[in-house]
Amino acid sequence: MEVKRENWGSRVGFVLAAAGSAVGLGNIWRFPYLTGENGGSAFILIYLMFIVLIGVNVMIAEFALGRSTGLAAVGAIKTYSHRFTFVGAMGVLSAFLIMGFYPVVGGWSLAYVLESVTGLYAQSPEAIDETFGAFITGATQPLFWMLIFLAMNILIVAKGIKGGIEKAAKVLMPTLFILLIFIAFRSVTLDGAGDGLAFLFQPDFSQVTGQTFLAALGQAFFSLSLGMGAMITYGSYLSKKETLPGNAGIVTALDVGVALLAGVAMFPALFAFGLEPAQGPGLVFVVIPMVFAEMGGLGTLFGLLFFVALSVAALTSSVSLMEVVVSYLIDQRDVQRKKAVYGTGIVMALMSILASLSMGVFDPLPVFEVGFFDLFDILSDKVFLGLGGMFIAIVTGWIVDKEVLRKELTNDGTTKFGLFEAWHFLIKWIIPPAIFIVAIFGIIDIEQTTVMLFGIAIVAVLAIFSKKLH
Ligand code: PFF
């Protein structure tokens, strides 16, 4: 049966929407603080290696799965293999897990838009630090902003692909690029910025462990929106005329570019102000305001623009996360778009409430020894996305017919993909074992072993009972 499927309005629209999904809090909030915690440049190099060797190739695979079937994550994988349907289910679960904490940080960012114009940059560095700590550990304020952020998602996703996501991305993504370049320029011209650049670009491998590799792999998947079917879903809306490898290359380049730019915006300033690189998740909300505080009146303007940009980046990513669940409900469960969006939104709100309150109000969970925020983060980023990517590579390399892939990636032989054989070899032989090895070493090394084992148990249960998912 031919189903008429909504398509992206234009090529630029698709690239921006896919880049909008990729570029988000992962690049501007997460990448810098992980880099800070994992020793700087060595982490960046490992991350870049994973992007080139694994990330971009899995993205090509996801686009191909989505467009060749015209279906979102679960349906696409099911078309090729009933045995692996659980991978689509893992993707839907990952979307829920990420949306269990992403809106919390999105909400912080929205709150900082307002903070920017209500005197944050008139405070001393210590006060800026304390303001953030007090804000995220409180109850009502972060919850309020988180719900506003989620409501924005619901509004956009309810409008559907062309009307909502694409329109928003088209205006907002270019704004973000320009802003970041601006801030990076300011940061590198501060006195004492050189140490920050050295931290970013002179590798020190002495701190590298199995945990560093797992963090870098998780970040590569998280940042490129891979391993959970978001790019399968976006690919399913892509017209048959587009070249998939080319689009994957552009999206990856934009994503890496923004992450590095965010690093350049942050670390020179951080060192210039004599701060510690391992600040943790507060990095962007503490260091950046300190930079702006030093700038006087101009700082308010920069600060305001920065947090608007961060909120926008977060929003164009979170809508893609929500769309993974919503398109599953539409394609596989025949739910109406609006109903799917509201139902999904409510569950995500409940999870995000738990995550937000775990920053200060709730004690860490027994057994896991982390709060809901970290639980959702570790499960999605260190377990589900990596394993999801591994299974997506296995399905693509071992189950989908090689000639079907060749046709899909060359648009029936009308366009060129010179690296097809190399790509197929990597997807089939290299990427699955590489992810497996990184996961094993990461688990051995990581502190939150219980969380990891819990995640793996969920994957195993899903795999074993995958027949029931048909
Ligand atoms: N790539 C997004 C970011 O870097 O913030 C997060 C994300 C979006 C992850 C969509 C996964 C996904 F499917």
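Note that ligands are numbered from 1 as they come in the structure, with each ligand's atoms numbered from 1 the same way. All values below were derived from every heavy atom in this structure, side-chain atoms included, with hydrogens, water molecules and symmetry-related copies excluded.
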Participant: Please confirm whether the ring centroid of F149 lies under 6.0 Å from the ring centroid of W145.
Facilitator: no
Participant: Step through it carefully: locate the ring centre of F135, locate the ring centre of F285, and say whether they are under 6.0 Å apart.
Facilitator: no
Participant: Indicate every side-chain donor-acceptor pair of residues 386-395 with a distance under 3.5 Å to a residue at least two apart or in another chain.
Facilitator:
none

Participant: Just the distances, no angles: every ligand 1 N or O to protein N or O pair closer than 3.5 Å, one line each.
Facilitator:
unit_1, atom_1, unit_2, atom_2, d
ligand 1, 1 (N), S21, O, 3.1
ligand 1, 1 (N), A22, O, 2.9
ligand 1, 1 (N), F222, O, 2.7
ligand 1, 1 (N), S223, O, 3.1
ligand 1, 1 (N), S225, OG, 3.0
ligand 1, 4 (O), A22, O, 2.9
ligand 1, 4 (O), G26, N, 3.3
ligand 1, 4 (O), N27, OD1, 3.3
ligand 1, 5 (O), L25, N, 3.1
ligand 1, 5 (O), G26, N, 2.7
ligand 1, 5 (O), Y102, OH, 2.5

Participant: Can you pull the salt bridge (charged side-chain N to carboxylate O under 4.0 Å, His left out) pairs that have at least one residue in residues 58-72, sequence neighbours excluded?
Facilitator: R67-E408
Participant: Please find out if less than 6.0 Å separates the ring center of F454 from that of F368.
Facilitator: yes
Participant: Any salt bridge (charged side-chain N to carboxylate O under 4.0 Å, His left out) involving residues 25-35? Give me the pairs, sequence neighbours left out, ordered by first then second residue.
Facilitator: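 Applying salt bridge (charged side-chain N to carboxylate O under 4.0 Å, His left out) to every pair that reaches into residues 25-35, excluding sequence neighbours, yields R30-D377, R30-D381.
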